[in-house]
Amino acid sequence: MNTIRQFAPRALALAAAMVASQAYAVDFDGYFRTGPGLTSKDAARACYDLGGMSGGHYRLGNECDLYGEFGLAQTGTTEGVAWKAKVMFNEYNNGTDIGKSSSSFEQMYVEGKGFDIAPGTNFWIGKRFYGRKDVHILDTFFVRMDGVGAGADQIDIGGAKLGVAYFGSDTGAGFGDAGNGLATNPGSRFNVDVSDIGLNPGGALRVTGTVTQGRFDNVAHGKGTSGFGLSLQHTQDIAAIGGGNTLWLQYAQGSAGLDGNFGTMTAESSVKKWRLVESLGWQVGELGGQAVALFGQHDQDVINGTAKYTEVSIGGRGSYALTKNFKLVAELGYMQKKPDGSETQKLTKFTFAPTLSAGPGFWSRPELRLYVTTAKWNDAANAASGLGGLTGLGNGKTSGTSFGAHCGSTDPRCEPCT
C-alpha cells in the first residue's frame, strides 16, 4: 500500500491519459464518507459494534474512519464491440486525522460486449467489484465476488442470465488484502451466478455457487483447504410501499465464504456456516427507510481457534422529509452473539441525525448530517473485546454516547452510498 502522496501523481497521470483521447467518453463515479466526532476527553470518538458478526454494523453515526473511492471509466464502440476500461483508487484513514492515509487501486479491468461469437455476452478481465448486493444500513455486501479474475456474464439461458468467473489470490485472503507478491498461500475460486429467474410477478430468484481451493502447504500458514458455498437470493418489488424486499438463505463450508468470496483458507470442510437475512425498503410519501433481520450460525473451527456461535441482528433506519432538502433520520439496531461456552454478547445502538440532503427521499445523496449516537452493551461484549473493552478505552463502561458531523456523498451510479 502506498501513501496518498505517492499514489496521487500516478492516478492523476492516468486520468489525464484517459481524458486525452477525445474519441471516447470518460465517466467519473465515486463515494466518500468523512467528518469529525467526539465522545469524551479520552477519545475523539467511539464506535459501537460486536466483533466477528457476519452482518456488519449499524453505520449511521457509527463510522470512525475516513474513506473514499474514486473511479474513472472510458467507454467506446469499435466495429460493433462496446468496450469499457475502468480504474478506481481509494483513500483510507482509520481515524479522522489529516495525516498519513493509505491508498491502492480497488478496480482495474476491461470488459467488452458484442463479439461475433457471442453478441449478447459480456467478457471481462482484471480486478473489480463483482456481483455485489448489499444491505445499506449494515454496510455489508451479502453477495460480493470481488477480486482479480476473468469471466463472462449476461449469458442468456432462456429467461435467466448466467455468469461464470475465475478468481485467483496470491495470499489466500479475500478481497481487500494488499498482498505481498510472494504467493505464500495462493488460492483459487470459481463462481457461477444465475440471476433474473422469474418466479412470480415482480419477483426474481438469484442462485450463486462458489468453489474455493487453497493451494499452499507450509509451516508459516498451514495447509490450504477446499470449500463450497451456495446463496439463494429472492428480490420482490412491492409497489404499495414504493420499495421492495430481499431475502437471502446462504450456506458455506471449508474455505468458502458466505458472500461468494474466499473465507478462511485453512478451514476444514467440517466447518460449516449459514445465515438467513431479510431486508425491506420503502418510500411512502415523506417517509422512507430500510429494515433488516439476520440470524446465522457458524461451526467451531479448531484449527483457527474459533468457537461455534450463533448471531442475531435486527434493526432499521427511517427518514422523514420536513422539506425538500431537510429531513430527520433515525436508526435503531440490536446485535447479539452467543459463542458456545461463553456468555451472550449484546449491543443496542440508536442514532438521531438532522440531515441536509439533495432531495427528500431516503436514498437522496449527498447528505450533510449532525448526529448523536448512544449505545448500551453488556459485560460479555466488553470481555470479548479484550482488555480495552468494546470502546478500546479500558474503562469498563457498558454505555456510551457520541456526537458529530458526517457527510455521505455518492454518484447515483455508484454503490454503496452511506
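The basis for the numbers below is simple: all heavy atoms, side chains too, and nothing from hydrogens, waters or symmetry mates.
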- Task: May I have the step-by-step check of side-chain contact (heavy atoms from CB on, under 4.5 Å) for Q300 and D340, ending in yes or no?
- Result: CA-CA 9 Å; Q300 181 183 19; D340 273 11; over 6 Å; no
- Task: Take H234 and N200 through the side-chain contact (heavy atoms from CB on, under 4.5 Å) test and state the conclusion after the steps.
- Result: CA-CA 10 Å; H234 183 266; N200 58 289; 3.2 Å; yes
- Go through Q290 and V135 one step at a time and tell me if the side-chain contact (heavy atoms from CB on, under 4.5 Å) criterion holds. CA-CA 8 Å; Q290 186 179 59; V135 172; 3.9 Å; yes
- Evaluation steps, side-chain contact (heavy atoms from CB on, under 4.5 Å), between K86 and R128: CA-CA 9 Å; K86 180 163 186 172; R128 68 177 303 179; over 6 Å; no
- Query: Say you draw a straight line from CG of L347 to OG1 of T398; how long is it, rounded to the nearest 0.5 Å?
  - Reply: 11.0 Å
- Query: Closest heavy-atom contact between A381 and L50?
  - Reply: CB-CD2, 3.6 Å
- Query: Is it the case that more than 12 heavy atoms not belonging to E343 sit under 6.0 Å from its CD atom?
  - Reply: no
- Message: Check R59 with E331, please: is the shortest side-chain N to carboxylate O separation under 4.0 Å?
- Response: no
- Once the angle between the rings of Y251 and F228 is folded into 0 to 90°, is it parallel (under 30°), tilted (30 to 60°) or perpendicular (over 60°)? tilted
- Query: Is it true that a side-chain atom of D217 and a backbone atom of K223 form a donor plus acceptor pair closer than 3.5 Å?
  - Reply: no
- Note on the structure: dist S104:OG -> M88:CE (nearest 0.5 Å) comes out at 11.5 Å
- Query: Does any donor atom in the side chain of S231 or Q250 lie under 3.5 Å from an acceptor atom in the other side chain?
  - Reply: yes
- Q336 and Y334: side-chain donor and acceptor closer than 3.5 Å? yes
- Query: Does A384 offer a backbone N or O that forms a donor-acceptor pair with the side chain of Q345 under 3.5 Å?
  - Reply: no
- Query: Quick one: does T391's side chain get under 4.5 Å of N382's, heavy atoms only?
  - Reply: no
- Message: For H298 and Y309, take the angle between the two ring planes, folded into 0 to 90°, and tell me which bin it lands in: parallel under 30, tilted 30 to 60, perpendicular over 60.
- Response: parallel
- Message: When you measure from the side chain of N378 to the backbone of K346, do you find a donor-acceptor pair of N or O atoms at a distance under 3.5 Å?
- Response: yes
- Message: If we count only N and O atoms by modelled type, under 3.5 Å, do the side chains of S313 and Y58 hold a donor and an acceptor together?
- Response: yes
- Message: Could you check whether any side-chain heavy atom of D259 comes within less than 4.5 Å of a side-chain heavy atom of V143, counting everything from C-beta outward?
- Response: no
- Item | Side-chain donor or acceptor of Q283 paired with backbone N/O of F362 under 3.5 Å | yes
- Task: Could you go through the ring-ring contact (aromatic ring centres under 6.0 Å, His included) check for W274 and F295 one step at a time?
- Result: CA-CA 9 Å; W274 64 270; F295 180 77; 5.6 Å; yes
- Item | Test item: T212 and N261 side chains (from C-beta on) under 4.5 Å apart, heavy atoms | no
- Can you tell me how far CZ of R33 sits from OH of Y67, rounded to the nearest 0.5 angstrom? 7.5 Å
- Under 3.5 Å side-chain donor-acceptor pair for Q154 and K113: yes
- Item | NZ (K272) with more than 12 external heavy atoms under 6.0 Å | yes
- Message: Using salt bridge (charged side-chain N to carboxylate O under 4.0 Å, His left out), reason through R144 and D134 one step at a time and then give a plain yes or no.
- Response: CA-CA 8 Å; R144 186 196 62 122; D134 74 329; over 6 Å; no
- Message: Please check this pair: side chain of K338 against backbone of V312, looking for a donor-acceptor N/O pair closer than 3.5 Å.
- Response: no
- Is there a donor-acceptor contact under 3.5 Å from the side chain of N191 to the main chain of G260? yes
- Go through the side-chain N and O atoms of D153 and Y130 and say whether any donor and acceptor fall under 3.5 Å apart. yes
- Item | Note: E367-K327 ion pair, threshold 4.0 Å (strictly below) | yes
- Less than 4.5 Å apart, any side-chain heavy atom of D139 and any of E63? yes
- Task: Flag the pair K349 and D49 as a salt bridge only when some basic side-chain nitrogen lies within less than 4.0 angstrom of an acidic carboxylate oxygen.
- Result: no
- Message: Atom CG of residue position L199 - does it have more than 12 heavy atoms of other residues, nucleotides or ligands inside 6.0 Å?
- Response: yes
- May I ask you to check whether S402 and Y48 show a side-chain donor-acceptor distance below 3.5 Å? yes
- Item | Donor-acceptor contact present, side-chain T373 to main-chain G61, <3.5 Å | yes
- Query: Is it true that a side-chain atom of S270 and a backbone atom of E268 form a donor plus acceptor pair closer than 3.5 Å?
  - Reply: no
- Just by distance, do the side chain of S255 and the backbone of G227 share a donor-acceptor pair under 3.5 Å? yes
- N122/E111 under side-chain hydrogen bond (donor to acceptor under 3.5 Å, both in side chains): CA gap, chis, key distance, verdict: CA-CA 7 Å; N122 182 69; E111 62 183 357; 2.9 Å; yes
- Check whether any side-chain heavy atom of M145 lies under 4.5 Å from a side-chain heavy atom of D193, and answer yes or no. yes
- Are side-chain heavy atoms of T225 and I303 found at a separation under 4.5 Å? no
- Task: Measure the CH2-NZ distance between W248 and K133 for me, rounded to the nearest 0.5 Å.
- Result: 6.0 Å
- Message: Please give me the minimum heavy-atom distance between G359 and S357, naming the atom from each residue.
- Response: O-OG, 2.8 Å
- Heavy atoms from other residues, nucleotides or ligands near CG of L356 exceed 12 (cutoff 6.0 Å): yes
- Query: Are the aromatic ring centres of W124 and F167 under 6.0 angstrom apart?
  - Reply: yes
- Task: Indicate whether any N or O donor in one side chain lies under 3.5 Å from an N or O acceptor in the other, for Q253 and D299.
- Result: no
- Is the closest side-chain donor-acceptor distance between N304 and T266 under 3.5 Å? yes
- Indicate the atoms forming the closest heavy-atom contact of V372 with F403, along with that distance. CG2-CE2, 3.5 Å
- Task: Please tell me if the side chains of T121 and F115 come closer than 4.5 Å, counting only heavy atoms from C-beta onward.
- Result: no
- Query: Does any donor atom in the side chain of T235 or R206 lie under 3.5 Å from an acceptor atom in the other side chain?
  - Reply: no
- Do R275 and L258 have side-chain heavy atoms sitting under 4.5 Å apart? yes
- Message: Working to the nearest 0.5 angstrom, can you tell me the gap between N94 CG and S101 OG?
- Response: 9.0 Å
- Query: If you measure from OG on S188 to CE on M265, what distance do you get to the nearest 0.5 Å?
  - Reply: 7.5 Å
